[in-house]
Amino acid sequence: MTDVAVAQPTASQERSVGLWTDAFRRMRRSPSAIIGGAIIVFFVLVALLAPFIAPYDPTRGDLGASYLPPGPEHWFGTNVQGQDVFSRIVFGSRLTLGIAVMSVTIGVSIGAVLGALAGFFRGWIDAVIMRSVDIMLSIPGLLLAIAVVSWLGRGVLQVAIAIAVVNVPIFARILRGSLLALRDADYVVAARSVGVGGPSLLVRHMLPNAIGPLIVQATLALATAVVDAAALGFLGLGPPDPRTPEWGTMLSDTYRYLTDAVHLAFFPGIAIVLAVLGFNLLGDGMREAIDPRLRR
Amino acid sequence: MTRFIIRRLLLLIPILLGLTLLIFVFTRLLPGDPATTLLGERATPENIARVRESLGLDRPLFEQYLQYMGGLLQGDLGRSFITNRDVVDDFLQRFPATIELSVTAMLFAVVVGIPLGMLTAKRRGTWVDSAGTVMSLIGISIPIFFLGLMLKWLFAIQFPILPGSGRIDLVDYYFPSVTNFMTIDALLAGEPGGFVDALLHLVLPGLALGTIPLAVIMRITRASVVDVLNEDYVRTAHAKGLREPVVDGRHILRNALLPVVTVIGLQTGLLLGGAILTETIFAWAGVGRWIYEAVVARDYQIIQSGVLMLALIFVLVNLVVDVSYAFLNPRIRYS
């Protein structure tokens, strides 16, 4: 009897956990979130421990050992300068993750502010912001990123900013959409009717409920950021120092050597695919955990 | 309906105006100067000043913009600062190459993606579904340029069964460019062999460019068919004894197609961006590569007009998508 009496409150407590605890618990049961998360943790560890993992200096070449195929000395072979491809991929994970996180942070911050302004204040602010968003979205993303890099110059930060610029209108639109959907929610009307208004209504009542889709999109944007950064590198618009081990830059020009040295394209490419896959899986798992419509 | 289309077209005007302004200001922000690019590093200041004057670059920005807009309204997009070729001519010559490539990619994505999405939805929970989900996830995660490189290596180098660069075999086939669509020009010239060769040249770049849209379309089709599968009218259709293909096509797919069409429209923008990468790998003389080279060379006139035309195509495709909703779903009425 006492056991039951003690057990009941815990059960009811569990039912009333917050949205985030609930979402997190469901994420732990989602296979895609677990696999995705594991891949990302793996890359983060590789990035952090790069000096201990990489057998060679990623920037030092040995012209006597260029174009070596994969072997016991160089697991993933060497490139035209005789640099060790494996070490370059290991160190490249720092750049790739760094650019991805930086660009999404910048993009979310600016996009969220614009989206919140548009969705909360409506009126002419909304009109101006959303028309600008439409204009930006009418330019193909990669083209916009190329344009921004050619304006700001080449470099890690510049690449991150370029990708952020592509993402800003997407984030703005998503947050505005969720805010609009909440406008007539009971608790928002209730808060407004007891006199809560302005920033307090937005920050305390609406944003916490509108931010879910934004977080999901941010995770998925990490995946596209990895691809976009690599695409810019592939086109020769990555960091200017050719010794920099950036994954996309490693792939650029390889289409000229495909016949003799396909490993130069293969290994960095697989690294990109894995990182993108990781963020995509994690984003999918998050979406299923956060979006109530997908609950089964 | 007509009123809806007209209103949407009118709404495009401010967007396009904003776009011209944005692109114009942007090209002027680019570091470097086309006059210096043209004359090289050792040009004298006098020569640079003379070239700037002849290009109209010495006039106030406002005046330059008005002049550009004036030309635009008369269908004059100016000349390339570097080659002095008419931008419209260049665009018309290269655009068909990009259309051929994009249409091939989209056809591949739709023709394979929708049936696969349908199949995985109907077999959900089985190994077919899991395999499909994993495949589409990998498809979404492969960068176009990496896929392009691998396809080229596998099918053009390791097992040379398909051409890996260019639009046609220039040694075997030569015919005049009429439409600049290689496939159509071959037929016009009465060269069936050239037509087949042009199609073969489309296979690898089309696969590379079409894989991401394929994966996206497959996912959306699956999700949207799953939503429809349990509807009463589907059960009724089955109960009436309608054959499976009829139920699939007329009852399920027709109702599930709306989100799929939206995604097809949105993917067009990605195709135009992805064309830059695909065209680089497969030496495809299209618009993407043209604009990319213009950005690198600071050829203002090409950047301004090329980006504007691509953007125009993108917004028009999405307008067509919006209008097609009404045809797909009679419950939607635009007023």
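A note on names: the letters A, B, ... follow the listed sequences, proteins ahead of strands, and every chain is numbered from 1.
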Study note, to complete from the structure: If one checks every heavy atom of A:Ala223 against chain B at 4.5 Å, the contacting part turns out to be neither
Practice item. Identify the heavy atoms of A:Ala147 and B:Phe26 that sit nearest to each other, and give their distance. Key: O-CZ, 2.8 Å
Point to revise | Test side-chain contact (heavy atoms from CB on, under 4.5 Å) applied to B:Ile281 and A:Phe234, step by step | key: CA-CA 10 Å; B:Ile281 296 167; A:Phe234 173 76; 3.6 Å; yes
Study note, to complete from the structure: Cut-off 4.5 Å, heavy atoms of chain B, and the answer for A:Leu137 is backbone
Practice item. Go through the atoms of A:Asp284 and report whether side chain, backbone, both or neither lie under 4.5 Å from a heavy atom of chain B. Key: side chain
Study note, to complete from the structure: Here the pair of heavy atoms bringing A:Leu235 nearest to B:Ile276 is CD1-CG2, 4.1 Å
Check your understanding: Which heavy-atom pair separates B:Leu19 from A:Ser138 by the least distance, and what is that distance?
Key -> CD1-OG, 3.7 Å
**Study point:** Residues B:Leu11, A:Asp134; criterion side-chain contact (heavy atoms from CB on, under 4.5 Å); working and verdict
**Key:** CA-CA 11 Å; B:Leu11 269 176; A:Asp134 286 344; over 6 Å; no
Check your understanding: Is it the side chain or the backbone of B:Ile157 that comes within 4.5 Å of chain A heavy atoms, both, or neither?
Key -> side chain
Review point. Closest heavy-atom contact between A:Ile135 and B:Gly18?
Key: CD1-CA, 3.6 Å
Exercise for review: Show the numbers, then the answer: is there a side-chain contact (heavy atoms from CB on, under 4.5 Å) between B:Leu22 and A:Ile139?
Suggested key: CA-CA 11 Å; B:Leu22 181 79; A:Ile139 305 176; 4.1 Å; yes
Review point. Relative to chain A, which segment of B:Ile291 carries a heavy atom at a distance below 4.5 Å: side chain, backbone, both, or neither?
Key: side chain
Practice item. Locate the shortest heavy-atom distance separating B:Phe145 from A:Val227; write the atom from each residue and the value. Key: CE2-O, 4.1 Å
Practice item. Assign the ring pair A:Phe266 / B:Phe146 to parallel, tilted or perpendicular, where the plane angle (0 to 90°) is split at 30° and 60°. Key: tilted
Check your understanding: What do the steps show when you test A:Leu142 against B:Tyr292 for side-chain contact (heavy atoms from CB on, under 4.5 Å), and what is the final call?
Key -> CA-CA 10 Å; A:Leu142 183 61; B:Tyr292 169 71; over 6 Å; no
Exercise for review: Look at B:Val315, B:Leu310, B:Thr280 and state which one has the largest set of heavy-atom pairs under 4.5 Å with chain A.
Suggested key: B:Thr280
Exercise for review: Give, as side chain, backbone, both or neither, the part of A:Val148 having an atom under 4.5 angstrom from any heavy atom of chain B.
Suggested key: backbone
**Study point:** Euclidean distance, B:Ile138 CD1 relative to A:Leu274 CG, rounded to 0.5 Å
**Key:** 9.5 Å
